[in-house]
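Sequence lines set the chain letters: A, B, ... in the order given, protein chains first and strands last, and positions in each chain run from 1.
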2 protein chains.
Amino acid sequence: MSAVIADNRRADLVRVAARLFRERGFDGTSTRDIADAVGMRSGSPFYHFRSKQELLAAVMEQGLVAGLPAAEAIVAGGLPPRDKFRALVRAHLETVLGEGQDFIPVLLYDWRRLTPALRARVQVLRDRYDQLWQDVVSELSAAGLLRSDSAVARLLLLGAVNYTVLWYQPGRGADLDQIAEEAVTMFLGSQP
Amino acid sequence: MSAVIADNRRADLVRVAARLFRERGFDGTSTRDIADAVGMRSGSPFYHFRSKQELLAAVMEQGLVAGLPAAEAIVAGGLPPRDKFRALVRAHLETVLGEGQDFIPVLLYDWRRLTPALRARVQVLRDRYDQLWQDVVSELSAAGLLRSDSAVARLLLLGAVNYTVLWYQPGRGADLDQIAEEAVTMFLGSQP
DNA sequence: CCTACCGATCGGTAGG
DNA sequence: CCTACCGATCGGTAGG
């Protein structure tokens, strides 16, 4: 019972930290801000996390762990390559731009704030994510739908999608479905 | 004479700040770090700049002012659309990834650290840069070389190129020419 | 541009 | 998880 409560408090910290880190950046958010937002005293976050950076890593890992199953299901599914690619792009946009999805934006914004040791730890999960993209890109390439299957092409593609976090505005301009469709058209052409 | 010396010191601050901001981020760099690196005392940067943020804005503006002429010359030149696009991408990669080019990466990394007033000021120069891309994209589209000329397509394209700042490593993997060629192939196809 | 300094804030800790 | 606290650092300033 008390363990459940403690876990909830820890989860509260991660969730609130994700929101504040996203809004103000890692350096722009104090551990006091986070403590206030969950109704703790200033020193109490350090009962749950050894350091501010451990909290940052927890935010990133939660985002990756939450996003991986959906992406893995899409990649393992039997959709035709073009549809699979669209579905993966759409799922990724939801993870990066969806309402209340603060975890992956924090990863994209503040990756460099992690210490080398923590970066290596989170990288393990990132690698699994990257591998899914590589699988789909290879599949597209094998089907003759992509102009290049080089590592550079994959990075350019992921960059285009990830960079949306800097310009997308909910309710203004294109929505997630339209952005996904536009990305598919740009990278694969308009005809199947 | 003394004005020249003062200008040099100011320029030193901007150049060194660009390097440190790029390496450690805006919040990860103290004004003392910058003062030390140019051989000043801790309070002296504030003789040249009213605030740390003014120095950040100066770094970004210097990067834009330095990069605009080359891009404008390319866009105004008479190259065929495909070659013009390749040249613009290549010039942009040089600005973002070239050796000693710390100014635009700082803009990409720490844009959000600017106060709203300073952001509006720097945005004027950014808009000129964005317009050049829009011109070239429209030209490509008019020539039937691009699959889409929507604003979203332009943003995806710029995102792919800008995001290289997060994965490009000099001397490892593709060089700038190869990345530019790969981008052209991905967005325009391999045949002219 | 330096000297000397200030108020504020910050991450983190000991002890309970 | 709170109380009470510390040492360090930071952006910025007055006066010269």
TODO: Start with the C-alpha distance between A:D127 and A:Q131, add both sets of side-chain angles, then the distance that settles side-chain hydrogen bond (donor to acceptor under 3.5 Å, both in side chains), and finish with yes or no.
DONE: CA-CA 6 Å; A:D127 286 344; A:Q131 185 57 50; over 6 Å; no

Open item on the list: Apply ring pair (Phe, Tyr, Trp, His ring centres under 6.0 Å) to residues A:Y109 and B:Y109 and explain how you reach the verdict.
Closed with: CA-CA 8 Å; A:Y109 279 131; B:Y109 278 131; over 10 Å; no

Task: Whole angstrom value for the distance that separates C1' of C:dC2 from CG of B:D36 - done: 14 Å

Open item on the list: Does D:dT9 have its OP1 or OP2 closer than 4.0 Å to a side-chain nitrogen or oxygen of B:S30?
Closed with: no

Task: Pairing annotation in dot-bracket form, given for DNA chain D with Watson-Crick or G-U pairs under 3.5 Å and | for cross-strand partners - done: ||||||||||||||||

Open item on the list: Counting only side-chain nitrogens and oxygens, does A:R41 get under 4.0 Å of the OP1 or OP2 atom of D:dC1?
Closed with: no

Task: Short side-chain N/O contact to D:dG12 OP1/OP2 from B:R50, under 4.0 Å - done: no

Task: Earlier contact from the 5' end, DNA chain D, for A:R32 and A:M40 - done: A:M40

Open item on the list: From C-beta outward on A:F46, which listed nucleotide comes closest to its side chain: C:dC2, D:dC2, C:dG12?
Closed with: C:dG12

- [ ] Look at the side chain of B:S42 and decide which nucleotide, out of C:dC2, C:dG12, D:dG12, has an atom nearest to it.
- [x] D:dG12

Task: Within 6.0 angstrom of A:R41 CZ, more than 12 heavy atoms from elsewhere - done: no

Task: Cation-pi check, A:R9 onto A:Y47 ring (under 6.0 Å, within 45° of axis) - done: no

Task: d(NE2, A:H48; C1', D:dC2) in whole Å - done: 12 Å

TODO: Among D:dC2, D:dG11, C:dG11, find the nucleotide with the atom closest to the side chain of A:S44.
DONE: D:dC2

Task: B:L132 side chain near B:L68 side chain, heavy-atom distance below 4.5 Å - done: yes

- [ ] Mind telling me whether A:H92 and A:Y129 have parallel, tilted or perpendicular rings, with 30° and 60° as the class edges?
- [x] tilted

